[in-house]
Amino acid sequence: MRALPVRLDAVLVQAVIAAALSFAHLHDLASAAGQHGWKAWAYPVSVDLLLVVAWRRLRSGGAKAAGWCWFLVALTASLGANVSTAGLLDLGAVPAWLRILVAGWPAVAFLGGTLLAHGATADTTAAGREPAPEPMAPEAPAPAPELPAAEPKPAPPSSPPIPPALVTLARKVADEHRTRTGTPIDTSTLRARLGVPLSLAEAIAAQLT
């Protein structure tokens, strides 16, 4: 099997070196303040873990006030140990106030880690219980007004059937009327002379023209 190439990141190497130096400074300060043995090694672990938890809280996107507060507390403890062990403090004669701060740090770190961890869990649970907003249904378009149905046009009355004999009689009456008066016979006169309904007289007059 081909070995995977190992890629070194300069930033990661720098972070490891800085963490190791800070870890050593915290250990030395705790040991000088009277915390010997495994206790001196536990102090830098608690400071670095509090920094990590506070940083994760800041990256989570939730309430950032608590994250910034405890991040600054842990950063102050780390910077204070680094500066104190740089020759500004006699590690052989640590003042009483510094011994009190070192002795009380475990309680502070425990409180900060607990608040950050449980605060993040409570925020996540509350966010999970919030009902999702229901999507708004699109409004249905208003129905178009119905147009009134067109009334059917009445069919034109059909012309009644005209017997041929009646047409012949009507033609004679019309010729007689023209000979006597010199004008074509009108429908009313034709109807009166033949004694037929008006519609039939109109149909006969149409055939005479």
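Taking CG from Leu75 and CG from Leu79, the interatomic distance works out to 4.5 Å, rounded to the nearest 0.5 Å. In this structure, Leu26 CG and Gln35 CD are separated by 13.0 Å, a value rounded to the nearest 0.5 Å. The CG atom of Leu101 lies 6.0 Å from the CH2 atom of Trp97; values are rounded to the nearest 0.5 Å.
One hydrophobic cluster holds both Leu111 and Trp105 under the rule that ILVMFWY side chains link at heavy-atom gaps under 4.5 Å. Leu49 and Trp41 fall within the same hydrophobic cluster, where Ile, Leu, Val, Met, Phe, Trp and Tyr residues are linked whenever their side-chain heavy atoms come under 4.5 Å apart, directly or through other members.
Side-chain atoms of Ser31 do not come within 3.5 Å of backbone N or O of His27 as any donor-acceptor pair. Of the possible polar contacts, one joining the Arg57 side chain to the Leu116 backbone as a donor-acceptor pair under 3.5 Å is found. In this structure a side-chain-to-backbone donor-acceptor pair under 3.5 Å is present from Ser46 to Tyr43. With Ser78 contributing its side chain and Ala74 its backbone, the two residues share no donor-acceptor pair below 3.5 Å.
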Before you tell me yes or no, could you show the steps for Val108 and Trp70 under side chain to side chain contact (heavy atoms under 4.5 Å, CB included), namely the whole-Å CA-CA distance, both residues' side-chain angles and the distance that decides it to 0.1 Å? CA-CA 10 Å; Val108 175; Trp70 291 107; 3.7 Å; yes
Q. Stepwise, does the side chain to side chain contact (heavy atoms under 4.5 Å, CB included) test hold for Leu29 with Leu98?
A. CA-CA 9 Å; Leu29 182 62; Leu98 184 57; 3.6 Å; yes
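Minimum heavy-atom separation, Gly113 to Leu50: N-CD1, 3.7 Å. For the residue pair Ala32 and Arg99, the shortest heavy atom distance occurs at O-NH2, 3.8 Å.
One side chain, Asp186 or Thr189, offers a donor N or O that lies under 3.5 Å from an acceptor on the other.
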